[in-house]
Structures are given as C-alpha cells and as structure tokens.
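Atoms within each ligand, like the ligands themselves, are counted from 1 in listed order.
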Amino acid sequence: MTTEPSDYVKSLPIGQQIPFDADGIPGWEIFPFEGELKVKLLEEPVLPEPPREGEPGGQECRACAAADDAYIWADEHWRLRSVSSASIPALVMLEPRGHYDIGDLPEDRAAELGMLFQRVERAILALGGIARVHMMRIGDGSLHLHWWFAGRPEGMLQLRGSCLLIWEDLLPKIDAEVWAQINRQIAQGMAEGGGVALV
Ligand SMILES: [Zn+2]
C-alpha cells in the first residue's frame, strides 16, 4: 500500500496558482466555458488512497448486487447498463458479470471485449444521427469494470473530443420517453448478436 508520494507527485505545484493556458484545450472550440476562469489549487495527495466501491474496506459493489432488471441487455458473461437520464443521444456502460477490473479479467472475457466493443458501437450508430461513439474506462469510483460508451451527435462539432462528458452535464436532458426508446433500440441491436434485450 503506497503511503509515500511518488517523485511525480512531489514535483507537482501543489497549493500554487497554476496559470490558465488558453493555448491548450481551454482555447479550443470544444471547451465548454468562457469568461474569467481560474485553475483550482492542487490539494495535498491522499495516501494510501481510500478504497473504491467493491474493494476491501470500501462500499459494497453495486454492480454485483444489481439484478438483471437494472440493465438493458445481458448475456451469460456481460451486461449493458444505461443511465437514468442523459443529454447526449446515447450513454451506456458495459460490465462483466464477475467482479473484475481490467487487469484481473479472465482471459476468455478479455478476449471477448474487442467484439463486444464493435457490437455496442454498431448498436449505438444504428440509432442514426451519431457521428462517433466515444469509449472509455476510467474506474476511479468502482473496482467493478465498467466501460463507458458515449454517442456524439452528428454535426455538433463543438461536442467533439474529450469534453463531451462535460457538455453532457451542461446540456438539457433528453425527454424520458425518448430516452427509454433509445435504450430499447440499443438493447435490440445488441440482442441481434446474442444475449437478451431486457427493456
Ligand atoms: Zn462487483
């Protein structure tokens, strides 16, 4: 268990005002904010880090505790979950049934991921009006592997790139009925390649 900050962390300007660099991403058209902005001060590191959900000493794993009815599609080894509401045209998470992170995922499951990525991307693109499906695994909240897929609406060039999920937080939410229909379509698209649609 790490208790000493790394050389990298020791080199950070903790507690010092970091200049706002408008030549970087904040100056690009994809950056969602304008006006006078200030970079937050970096706080002291926390070591050892607190346990994530699903780690020893952490909160109970919600993915393991969730029944299939919390998901939109499932098969023997994988489940696809949506979020209760969103403001971009698709936002789902792919999770293994087993309590694994990416590094300890059994080889068979790890080998399935490539084809599952294709299936989720195709199911989202089939909705129409989607230029790109962004995929990301972050995992700072929970140990249980959850791979995000976010649909970027076609034509909305300002929503390109890594700021998409910040925009997602800012834009008006999609109507609940429309959102439910979107998730049904994604689930049906997944089921065409196996498993069952659950919505
Ligand atoms: Zn779990």
Partner of Glu95 under side chain to side chain donor-acceptor pair (under 3.5 Å), chosen from Trp78, Trp147, Tyr71
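Of all the options given, the one that passes is Tyr71.
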
Can you tell me the N, O or S atom of His99 that's nearest the Zn ion (ligand 1)?
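Nearest to the Zn ion (ligand 1) within His99's N, O and S set: ND1.
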
Restricting to N, O or S, what is the name of the atom of His144 that lies nearest the Zn ion (ligand 1)?
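Checking each N, O and S atom of His144, the shortest distance to the Zn ion (ligand 1) belongs to ND1.
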
Assess whether a salt bridge exists between Arg160 and Glu29, defined as any Lys/Arg side-chain N lying under 4.0 Å from an Asp/Glu carboxylate O.
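Counted as a salt bridge, because a side-chain N and a carboxylate O are separated by less than 4.0 Å.
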
Between His77 and Arg97, a side-chain donor and acceptor under 3.5 Å:
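Absent: no donor and acceptor within the cut-off.
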
Could you check whether any side-chain heavy atom of Glu4 comes within less than 4.5 Å of a side-chain heavy atom of Leu47, counting everything from C-beta outward?
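Answer no - side chains too far apart.
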
Working to 10°, measure the angle at the Zn ion (ligand 1) formed by atom SG of Cys64 and atom SG of Cys61.
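Answer comes to 120°, rounded to 10°.
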
